[in-house]
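What follows is a set of notes on a single structure, which appears directly below.
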There are 2 protein chains.
Amino acid sequence: MIVASMMESRQKALADSALFSGLPKPLLRNLADIAQEKQYRRGETIFLEGRISGGFYMVMQGQVKILKMSLDGKEQILYILGAGEPFGITPVFHGKGFPASAVSMTASTALHFPKGAFLALVAAHPELTLAVLSALCLRMRRLSTQIESLSLKDAPMRLAAHLLYLAEQQGNTMHVTLNIPKKQLANLLGTSPETLSRIFAEMSADGLLRVKGKRIELLRIEELKNQTG
Amino acid sequence: MIVASMMESRQKALADSALFSGLPKPLLRNLADIAQEKQYRRGETIFLEGRISGGFYMVMQGQVKILKMSLDGKEQILYILGAGEPFGITPVFHGKGFPASAVSMTASTALHFPKGAFLALVAAHPELTLAVLSALCLRMRRLSTQIESLSLKDAPMRLAAHLLYLAEQQGNTMHVTLNIPKKQLANLLGTSPETLSRIFAEMSADGLLRVKGKRIELLRIEELKNQTG
DNA sequence: ATTGTTCCTTGATGTATATCAAGAATTGAG
DNA sequence: CTCAATTCTTGATATACATCAAGGAACAAT
């Protein structure tokens with residue numbers, strides 16, 4: 001019975017994910033069958049850039065960051081992923097190793113879909129590919145936007161854009177809650193914690209926002225939009 | 001007869017492309033049938049970021065750059081594409097507008113695959129989706145690498161990495177030929193033409209390379225690799 | 001060849017942001 | 001609750017890079 005209920009919860013998680021939602025129930029069942037559940041501690045590395053892939057993952061609980069690391073230890077976060085979001089997909093369809101590393105930011109649970117079993121499922125159910133395609137296209141869009149940000153915007157612009165993104169995502173134009181520590185936010189925005197802190201201070205002084213720990217009140221959202229560039 | 005030979009050349013171009021090579025001949029024929037050939041002048045815009053897509057493209061002759069532009073006119077190049085390389089794919093599978101703009105860098109010819117006809121073909125031939133998936137995964141890898149470069153490497157490192165990339169692509173470790181003007185190279189590397197010029201000057205002074213117009217002699221390739229970070 | 005255009009280089013200057021350092025605040029583990 | 005560890009802030013300094021400006025080189029068209 002325990003096993004049965006685990007399968008249930010997996011199937012539900014799959015049905016709730018952007019990637020697999022909309023697929024017929026039997027197929028969800030198949031997917032749940034081939035997946036293995038894995039646990040990770042906060043800070044634990046899930047996989048390292050360059051390693052050969054055995055399959056892809058989907059976050060069930062917690063948060064996972066996908067990142068590039070430099071030799072001297074600096075990191076650039078590519079994505080921060082939450083429940084229902086897949087990662088490590090590209091090696092499944094392109095061979096080669098992982099293009100970036102994955103680290104769990106909290107205690108977390110993920111489903112692992114072994115490459116072979118998944119590809120077999122794909123072969124039998126072409127509609128699966130379309131789902132994957134759509135998800136990848138969304139990711140590409142995000143990567144393109146990030147390149148644009150890093151290259152064409154300065155740090156305050158990038159922060160402003162991110163805050164507006166959070167506001168939209170959280171459905172609240174008055175205040176947003178940072179879902180990650182500021183040090184990680186700095187890594188995501190491609191700047192240093194010190195600079196980020198100073199930008200927050202400056203924006204506060206300008207009356208654009210008010211910072212209370214992870215809670216940020218957006219006082220002049222229109223001005224923020226202008227800051228965006 | 002003219003029409004027939006045009007179809008022939010198209011089919012050959014498709015068979016030579018990384019995207020469609022390996023597909024059965026009849027399918028290539030179908031693809032060639034739905035494609036429309038388009039001509040572009042040097043500097044002509046093929047599509048603008050944000051516009052609704054009618055389909056995707058593939059370069060037949062010439063070079064096309066895919067880029068993001070800032071309000072004040074600066075540009076960041078995402079890819080430079082040559083014969084056989086597709087572009088504008090993501091909107092086909094994800095709805096939404098183009099995530100970036102496309103501009104022809106030379107007089108060029110491209111095939112245009114209308115969205116509807118292509119999706120119909122995909123529905124009938126699932127192996128097409130796998131081809132597209134593989135191509136997208138490769139692109140994602142490139143984008144990830146570019147983010148890493150912009151964020152974690154300085155301009156000399158980025159240039160060194162690019163030169164080594166060209167050397168590998170051109171199969172010659174002694175000298176490489178820039179396939180684009182240096183101003184465009186600066187836009188690709190996320191720096192200014194002035195800075196790029198200075199970096200070339202410095203590397204020349206250090207005896208790492210010698211610049212003769214678009215031809216660059218790599219004198220100490222190992223040192224260049226170290227530069228990369 | 002000659003002219004106009006684009007492309008490239010070099011110099012002088014300014015600025016955004018990284019880095020180093022140290023203290024303050026928050027967090028989490030026992 | 002308390003102490004250690006992490007996270008955050010603020011200040012002082014350094015630097016990579018952009019920008020402005022102008023001269024020179026390569027290139028295309030006539």
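Chain identifiers are assigned alphabetically (A, B, ...) following the order of the sequence lines, protein sequences preceding nucleic acid strands; residue numbering begins at 1 within each chain. A quick note: this is a predicted structure, and the numbers were derived from the prediction, not measured.
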Just compare D/dC8, C/dT10, C/dC7 and give me whichever is closest to any side-chain atom of A/Lys183. D/dC8
Should the pair A/Tyr57 and A/Phe87 be assigned to parallel (<30°), tilted (30 to 60°) or perpendicular (>60°) ring geometry? parallel
On the 0 to 90° scale, with breaks at 30° and 60°, tag the B/Phe56-B/Phe113 ring pair as parallel, tilted or perpendicular. parallel
When we call it a touch if two heavy atoms are under 4.0 Å apart, what does A/Gly43 touch: a base, just sugar-phosphate, or nothing? nothing
Indicate the ring-plane relationship of A/Phe98 and A/Phe47, choosing parallel, tilted or perpendicular according to the 30° and 60° boundaries. parallel
base_contact_polar (C/dC8 base, B/Glu194 side chain, donor-acceptor, <3.5 Å): no
Between C1' on C/dA18 and CZ on A/Arg158, what's the gap in Å once rounded to a whole number? 12 Å
A/Asp154 CG to D/dT19 P, in whole Å, measures 11 Å
Below the 4.0 Å mark, does C/dA18 have OP1 or OP2 next to a side-chain nitrogen or oxygen of A/Ser192? yes
Atom pair distance, as rounded to whole Å: CD1 in A/Ile199 and P in D/dT9: 12 Å
Rounded to whole Å, please give me the gap between CG in A/Leu178 and C1' in D/dT9. 15 Å
Assign B/Lys74 to base, sugar-phosphate, or nothing according to its heavy-atom contacts below 4.0 angstrom with the strands shown. sugar-phosphate
Heavy-atom donor-acceptor pair, A/Arg198 side-chain to C/dT19 base, under 3.5 Å: yes
Calculate the interatomic distance between A/Leu152 atom CG and D/dC17 atom P; express it in whole Å. 16 Å
Mind checking A/Lys153 for me? I need base, sugar-phosphate or nothing, with any heavy atom below 4.0 Å counting as a touch. nothing
Give the rounded distance in Å between these two atoms: CG of B/Asn187 and P of C/dC7. 11 Å
Can you tell me which nucleotide in D/dT7, C/dT17, C/dC7 comes closest to the side chain of A/Ala155? C/dT17
For a quick test of reading the model: is some side-chain N or O of B/Lys214 closer than 4.0 Å to OP1 or OP2 of D/dA26? no
Return no unless some side-chain N or O of A/Thr195 is found under 4.0 Å from OP1 or OP2 of C/dA18. yes
So does A/Lys115 have more than 12 non-hydrogen atoms from other groups sitting under 6.0 Å from NZ? yes
Could you check how far CD of B/Glu75 sits from P of D/dA18, rounded to whole Å? 14 Å
From the list D/dC17, C/dT10, C/dA18, which nucleotide is the closest neighbour of the side chain of B/Pro156? D/dC17
d(NZ, A/Lys182; C1', D/dT9) in whole Å: 10 Å
Does B/Tyr79 have B/Arg142 sitting over its ring (NZ/CZ under 6.0 Å from centre, angle to axis within 45°)? no
